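Naming convention: chains lettered A, B, ... in sequence-line order (proteins, then strands); numbering from 1 in each chain. It should be emphasised that the depicted structure is a prediction, and the values quoted were computed from it without experimental measurement. Computed from heavy atoms alone, side chains included, the values below leave out hydrogens, waters and symmetry copies.
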Protein chains: 2
Amino acid sequence: MSKSKKDNNTEQQILNAARQVFLEKGLAGARMQDIADKAEINKAMLHYYFKNKDLLFETIFKETAGKLFPHFDKLMDSDLNFFDKIRSIVSSYIEMVSQNPYLPLFVISEMNKNPEIGLKNFFEKQRPGFVKKFKEAIEESINSGLILSINPLHLIINMFSMCAFPFMAKPMLKIITGIEEEQFNILMEQRKVLVAEFIINSIKK
Amino acid sequence: MSKSKKDNNTEQQILNAARQVFLEKGLAGARMQDIADKAEINKAMLHYYFKNKDLLFETIFKETAGKLFPHFDKLMDSDLNFFDKIRSIVSSYIEMVSQNPYLPLFVISEMNKNPEIGLKNFFEKQRPGFVKKFKEAIEESINSGLILSINPLHLIINMFSMCAFPFMAKPMLKIITGIEEEQFNILMEQRKVLVAEFIINSIKK
DNA sequence: AGCTTTGTTAACCATTTGGTTAATTTATGT
DNA sequence: ACATAAATTAACCAAATGGTTAACAAAGCT
C-alpha cells in the first residue's frame with residue numbers, strides 16, 4: 001500500500017489537538033499556537049495540513065456535528081416497541097454526551113455565532129433522517145391509542161432538551177443547586193432511565 | 001440633582017452596544033471596535049468608562065446572569081397551588097427567553113469557557129434562593145400525595161431544560177426539523193402551556 | 001546512488017486588536 | 001466670566017495572532 005505520508009500521524013495529532021482546543025474555546029477563542037503546542041508540532045504544520053484556521057475548524061466542526069445524531073436511524077427501524085425506543089435513545093444519548101460533554105454546547109454555540117456554518121455542513125452530508133422516522137413512530141403510536149395526542153416536534157424537542165441541556169448547563173447547575181462533581185455524575189447516570197420514564201409517564205394513556 | 005456627567009448617556013450607549021455584541025459573539029469573539037461603532041462613540045470612551053474589555057464584559061455578564069432567574073422567589077411564596085406554580089414559572093420563563101433569546105446560551109457558554117466567572121459573579125450577589133423553595137415545594141407535594149416521588153433536582157433540571165434548550169438550539173432545530181422562523185415562534189408560544197402540562201402529566205398521581 | 005516529493009522547522013511578516021496619550025471640546029461651579 | 005473638572009477625539013503603541021517563507025531533513029522512486 002504505502003501511505004503517501006510518513007504515516008499521517010502528524011495529521012491525527014493536529015486533529016486531536018484541534019478538537020480539544022476548539023471544543024473547549026470555540027472558533028474565536030481558539031489559538032493556533034495552542035493547537036500546535038498541544039499537538040507538539042510546529043505551527044506551520046497546521047497550515048501545511050489544513051490551509052488556515054477556518055478550514056481546520058470546519059473539519060472539526062463537521063466531524064463533531066456528525067456525532068450529534070448517531071445511529072438513531074437504525075434504532076428507529078428496529079423491532080423495539082415505541083417506549084423501548086425512547087428508553088434506548090435517551091439512554092444511549094446521555095451516555096454519548098457523558099463521554100463527550102462539550103459536544104452539544106460546541107455545535108450549538110458555533111451555529112449561533114456563525115449561522116451559515118450549519119447549513120454548509122449539516123445539509124451537504126447526512127441530514128438526520130431519524131427525525132422523520134421518529135415523527136412517524138409518534139404519529140402511529142397516537143393513532144393506535146398507545147399514547148396521548150402530542151405534536152411530535154414537541155416530544156422530540158423535550159427529549160433532546162432533557163438529555164443535552166444538563167451537560168451544557170453543568171457549571172451553572174452546580175452553582176445554583178450547590179452540588180459537586182461526583183453528585184452531578186450520579187444524577188446524570190440516573191437520568192439515563194429517569195428521563196425516558198419521565199417522558200413515557202407523561203404521554204402514555 | 002445635577003448629574004456629574006453630561007447625562008451618563010454615553011455610558012448607556014456603551015452598555016447597550018456591549019450587550020448586543022457580547023451576547024451575540026461572546027467574550028472572545030467580541031471586538032472593542034465593534035462595540036464602539038455600534039455605540040457610535042470613540043473607542044477610547046470604552047476604556048474611559050470601563051477600564052478594559054474584561055471589566056466591561058463582567059458588567060454585562062453580571063447584569064445578564066442576574067436576569068436568568070427573575071422573580072421566582074416571590075412566585076414560590078405566592079398562594080398558588082403547586083401545579084399552578086409550575087405553569088406560571090414555565091410560562092413566564094419561556095416568555096422571558098423569547099424576549100431575550102441569546103441570554104441562556106450566552107451565560108452558559110461563557111461559564112463553560114471561563115469557569116471562574118460564574119463563581120465570581122453568581123455567588124457574590126443573588127444566589128438563587130428559589131431553588132431551595134422549589135425543592136421544598138416538591139417535597140411537600142410528594143409527601144402530601146399530590147405527585148409521584150421524584151428527586152426534586154431532576155424535576156427542576158427537566159423544567160429548565162425544556163424551557164431554555166429550544167432557544168439555544170434554535171438554528172440546529174430549524175435544520176433538523178426543517179421548520180422556518182414563523183413556525184418556530186408558534187411552537188415556542190405553544191410551549192408556554194405545553195411544557196407545564198407535560199411535566200404535570202408526568203408527575204401527577 | 002541520485003533525483004524528486006513530502007514533511008518539518010525557525011524566523012519572519014502583516015494585520016488585528018486591546019489599550020494609551022496628549023490635545024481639544026464641553027460642561028460646571030462660583 | 002473664568003477656572004476647573006469631565007467628556008471626547010485622533011493618533012499612536014505594543015502585544016497577540018494568523019499566516020508565510022526559505023532553508024533543511026526525511027522518504028520514495030527509478
Side-chain angles (χ1 to χ4, degrees), chain A residues 1-62 106 109-110 113-114 116-117 120, chain B residues 1-62 106 109-110 113-114 116-117 120:
Chain A
M1 299 298 89
S2 78
K3 288 287 177 55
S4 59
K5 296 166 188 178
K6 221 203 310 199
D7 193 5
N8 99 330
N9 193 39
T10 307
E11 195 173 344
Q12 279 309 315
Q13 284 172 248
I14 293 175
L15 286 172
N16 289 337
R19 198 177 303 119
Q20 286 182 56
V21 176
F22 278 133
L23 280 246
E24 199 178 319
K25 313 259 187 168
L27 171 57
R31 296 288 157 253
M32 294 296 268
Q33 189 61 59
D34 289 352
I35 296 174
D37 291 348
K38 188 154 285 190
E40 295 180 291
I41 46 112
N42 188 290
K43 183 161 68 87
M45 297 308 287
L46 299 179
H47 298 91
Y48 180 76
Y49 281 91
F50 302 90
K51 190 71 177 170
N52 60 40
K53 191 185 184 184
D54 283 338
L55 286 177
L56 176 55
F57 175 80
E58 204 177 300
T59 305
I60 296 296
F61 184 87
K62 273 186 190 165
F106 169 71
S109 197
E110 295 303 321
K113 279 165 193 162
N114 213 334
E116 76 282 7
I117 200 180
K120 211 167 56 182
Chain B
M1 313 286 101
S2 79
K3 288 287 178 53
S4 59
K5 295 166 187 180
K6 220 202 316 198
D7 192 6
N8 96 333
N9 193 37
T10 308
E11 196 172 343
Q12 279 309 315
Q13 284 172 249
I14 293 175
L15 286 173
N16 289 336
R19 200 177 302 118
Q20 285 181 56
V21 176
F22 278 133
L23 280 244
E24 199 177 320
K25 313 259 188 168
L27 172 57
R31 296 288 158 253
M32 294 296 267
Q33 190 60 60
D34 289 352
I35 296 175
D37 291 347
K38 189 154 283 189
E40 295 180 291
I41 47 114
N42 188 289
K43 183 162 67 87
M45 296 308 286
L46 299 179
H47 298 91
Y48 181 76
Y49 281 91
F50 301 91
K51 189 70 178 173
N52 59 40
K53 190 185 184 186
D54 283 338
L55 286 177
L56 177 53
F57 175 81
E58 203 178 301
T59 305
I60 297 296
F61 184 87
K62 271 184 190 167
F106 169 71
S109 196
E110 294 303 322
K113 280 166 193 161
N114 213 334
E116 77 281 8
I117 200 180
K120 211 166 57 181

Donor-acceptor contact below 3.5 Å, side chain [X] vs main chain [Y]:
X        : Y        : result
Glu11(A) : Tyr49(A) : no
Gln13(A) : Glu40(A) : no
Lys38(A) : Asn16(A) : no

Please report, rounded to the nearest Å, how far the [atom2] atom of [N] is from the [atom1] atom of [X].
X        : N       : atom1 : atom2 : value
Lys43(B) : dG19(C) : NZ    : P     : 9 Å
Leu27(A) : dG18(D) : CG    : C1'   : 12 Å
Lys25(B) : dT17(C) : NZ    : C1'   : 15 Å
Leu56(A) : dT17(D) : CG    : P     : 16 Å
Asn9(A)  : dA27(D) : CG    : P     : 13 Å
Gln33(B) : dT9(D)  : CD    : P     : 12 Å
Leu46(A) : dG18(D) : CG    : C1'   : 10 Å
Asp37(A) : dA10(C) : CG    : C1'   : 14 Å

Exercise for the section: Would you indicate whether Lys113(A), at its atom NZ, is surrounded by more than 12 heavy atoms from other residues, nucleotides or ligands within a distance under 6.0 Å? Expected result: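 More than 12 heavy atoms, drawn from other residues, nucleotides or ligands, come within 6.0 Å of this atom.
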
From [options], pick the nucleotide closest to the side chain of [X]?
X        : options                   : answer
Asn42(A) : dA10(C), dT8(C), dT20(C)  : dA10(C)
Met32(A) : dT9(C), dT8(C), dG19(D)   : dG19(D)
Ala44(B) : dA10(C), dT8(D), dA10(D)  : dA10(D)
Met45(B) : dG18(C), dT8(D), dT20(D)  : dT8(D)
Asn52(A) : dG18(D), dG19(D), dT17(C) : dG19(D)
Ile41(A) : dT9(C), dG19(D), dT8(D)   : dT9(C)

Exercise for the section: May I ask you to check whether Phe57(A) and Phe22(A) place their ring centres under 6.0 Å from each other? Expected result: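 Here the rings of Phe57(A) and Phe22(A) have centres that are less than 6.0 Å from each other.
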
Exercise for the section: Quick one: label Ala30(A) by what it contacts on the DNA or RNA (base, sugar-phosphate, nothing), any heavy atom closer than 4.0 Å. Expected result: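 Ala30(A): backbone/sugar contact only, no base atoms under 4.0 Å.
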
Is any side-chain N or O of [X] closer than 4.0 Å to OP1 or OP2 of [N]?
X        : N       : result
Tyr48(A) : dT9(C)  : no
Arg31(B) : dT16(C) : no
Tyr49(A) : dT8(C)  : yes

